[in-house]
Amino acid sequence: MKSNVCRHSVSLLLLFLSAFFFPRAEALTKQRGSNLSVSAVLVFGDSTVDPGNNNYIQTPFRSNFPPYGREFENQEPTGRYTDGRLATDFIVSYVGLKEYVPPYLDPTLSLEELMTGVSFASGGSGFDPLTPRISNTIEIPKQVEYFKEYRKRLELAIGKERTDNLIKKAIFVISAGTNDLVVNYFTLPVRRKSYTISGYQHFLMQHVEQLIQSLWDQGARRIAFVGMPPIGCLPVVITLNSDNALLQRGCIEELSLVAKDYNSKLQNKLKAIHKNLAHLGGKIFYIDIYGPVTNMIRGYDKFGFEEVANGCCGSGIIEVSFLCNPNSYVCPDASKYIFWDSIHPTEKAYYIVFKTLRHIIDMISN
């Protein structure tokens, strides 16, 4: 009897310690509980929200190998471009649907997984049709086509009325644009020959509006649109633009200001669209990540970070995707780094960003 009591006490102690010291995604669900007003989380965009769709297409731009996924469940490299979870994983857990947003192209997805949300996003994609061609990834209009296919699959399984209601109550998250500037406009000469930077931003806004219209036509009513980060602070951008890439690792402010100007145009565009659609039940929200990432970089010590200008993988100044691989050096503690590789944030940084946008999720859910 005494032995059983001891074992029971030890079990309770371990459970307490686990809950106290390791508050992983399950804790997020408990913060909010099951949110019956949100049926699914549906995601479009680039590598910031791609959980592994690129695993299923012919592209060199993948991350389904170590050391990616080092902090994910079972240390599994799922195809997420980070060491663990993405902000969208925290969102879907927060609203009480499930722990992670899976990639739509995963052929093993169950009906329940489909019904509670998937990501159509593809690392390397962007609003400019030229951008995904550079890395042979899934362009956003194709992501919308996959969404239409998704709708048809649900209609066959649960009927049109239930599908319409599910789509109406879903939260749509769109995160893209960085590749259009970093990989496309400022790296290749093609768009610079045709557009000033202001003209190119307006060109991107046209594609933003087309995307929202396409999703609206398919029944989307709750859309959260993510802005750009301070792109001049991405390690690879610093490397390519610094006068001394090894010793001068400060942000390239002129490029970050371009992203800031883009965000201003995006906010104005979204406000105009929201104003036109609000009376029809539309909720179009802007999600700021420029501010949170800037705050992390400037006040890094307040967040427990020690490195802000280099990634955890490899040298931290150039490695991304296949350049960050099983043979790469990896820092011992990624939680001290804002960036996992030379472009993408760590799980910890994504979680901090998620915490700043929870109020938007609350507003869009009600």
Side-chain angles (χ1 to χ4, degrees), residues 41-49 87-88 91 120-122 125-132 139-144 147 167-168 170-186 191-192 194-232 254-294 353 356-357 359-361 363-365:
V41 175
L42 299 167
V43 186
F44 302 78
D46 59 21
S47 56
T48 56
V49 287
T88 40
I91 290 172
F120 304 93
S122 174
S125 196
F127 296 118
D128 183 343
L130 175 61
T131 302
E139 62 180 8
I140 287 179
K142 181 62 176 179
Q143 294 179 28
V144 175
F147 170 58
I167 299 300
K168 182 180 179 181
I171 293 177
F172 288 71
V173 179
I174 302 165
S175 178
T178 297
N179 292 324
D180 292 316
L181 291 181
V182 173
V183 178
N184 188 344
Y185 189 84
F186 287 120
R191 293 307 192 201
R192 292 201 305 275
S194 303
Y195 298 95
T196 63
I197 185 58
S198 179
Y200 187 64
Q201 290 172 339
H202 283 293
F203 170 72
L204 296 180
M205 288 304 111
Q206 292 173 353
H207 287 279
V208 164
E209 190 165 13
Q210 289 170 11
L211 172 58
I212 293 176
Q213 186 63 56
S214 296
L215 296 177
W216 179 269
D217 291 344
Q218 290 297 312
R221 294 298 180 266
R222 300 166 166 180
I223 300 174
F225 222 106
V226 182
M228 280 191 200
I231 60 173
E254 61 184 294
L255 294 182
S256 290
L257 288 175
V258 172
K260 192 173 186 178
D261 186 47
Y262 167 90
N263 288 338
S264 179
K265 288 182 172 67
L266 177 62
Q267 289 179 75
N268 291 336
K269 175 63 70 175
L270 296 179
K271 285 178 183 176
I273 295 173
H274 176 80
K275 185 177 180 180
N276 290 334
L277 298 178
H279 71 288
L280 298 173
K283 293 183 178 182
I284 317 295
F285 284 86
Y286 170 76
I287 291 181
D288 173 39
I289 60 170
Y290 190 102
V293 174
T294 299
V353 169
T356 69
L357 61 83
H359 69 289
I360 300 290
I361 302 303
M363 286 191 292
I364 204 169
S365 300

inquiry  = When you compare the side chain of Val258 with that of Leu181, does any pair of heavy atoms fall below 4.5 Å?
reply    = yes
ask   = Do the side chains of Ile197 and Phe186 get nearer than 4.5 Å, heavy atoms only?
value = yes
4.5 Å side-chain heavy-atom contact, Val226 and Thr48 = no
request  = Without swapping roles, check the side chain of Asn263 against the backbone of Met228 for a donor-acceptor pair under 3.5 Å.
outcome  = yes
request  = Could you tell me whether the side chain of Ile284 reaches within less than 4.5 Å of the side chain of Phe225, counting heavy atoms only?
outcome  = no
task = With sequence neighbours excluded, tell me which residues meet salt bridge (charged side-chain N to carboxylate O under 4.0 Å, His left out) with Lys260.
result = none
message = Test your reading of the model: is there a side-chain donor-acceptor pair from Asp180 to the backbone of Asp128, 3.5 Å cut-off?
response = yes
message = So, using side-chain hydrogen bond (donor to acceptor under 3.5 Å, both in side chains) as the criterion, who are the partners of Gln213 when residues are at least two apart?
response = Asp217
ask   = Of all residues at least two apart in sequence or in a different chain, which pass the salt bridge (charged side-chain N to carboxylate O under 4.0 Å, His left out) check with Arg221?
value = none
request  = Please lay out, stage by stage, how Ile360 and Asp288 fare under the test side-chain contact (heavy atoms from CB on, under 4.5 Å).
outcome  = CA-CA 10 Å; Ile360 300 290; Asp288 173 39; over 6 Å; no
Working for side-chain contact (heavy atoms from CB on, under 4.5 Å), residues Leu257 and Asp261 = CA-CA 6 Å; Leu257 288 175; Asp261 186 47; over 6 Å; no
key: Closest non-hydrogen atom pair between Val353 and Pro292, with its separation   = CG2-CB, 4.3 Å
inquiry  = How close do Asp46 and Gly177 get, counting heavy atoms only, and between which atoms?
reply    = OD2-N, 3.9 Å
inquiry  = With a 4.5 Å cut-off on side-chain heavy atoms, are Ser125 and Asn179 touching?
reply    = no
task = First locate atom CD of Glu139, then atom NE2 of His207, and finally report the distance between them rounded to the nearest 0.5 Å.
result = 10.0 Å
key: Student check: side-chain heavy atoms of Gln218 and Ile167 closer than 4.5 Å   = no
ask   = Do Arg192 and Tyr185 have side-chain heavy atoms sitting under 4.5 Å apart?
value = yes
Evaluation steps, side-chain contact (heavy atoms from CB on, under 4.5 Å), between Leu266 and Val208 = CA-CA 8 Å; Leu266 177 62; Val208 164; 3.9 Å; yes
task = Take the angle between the ring planes of Phe44 and Phe172 and call it parallel below 30°, perpendicular above 60°, tilted in between.
result = parallel
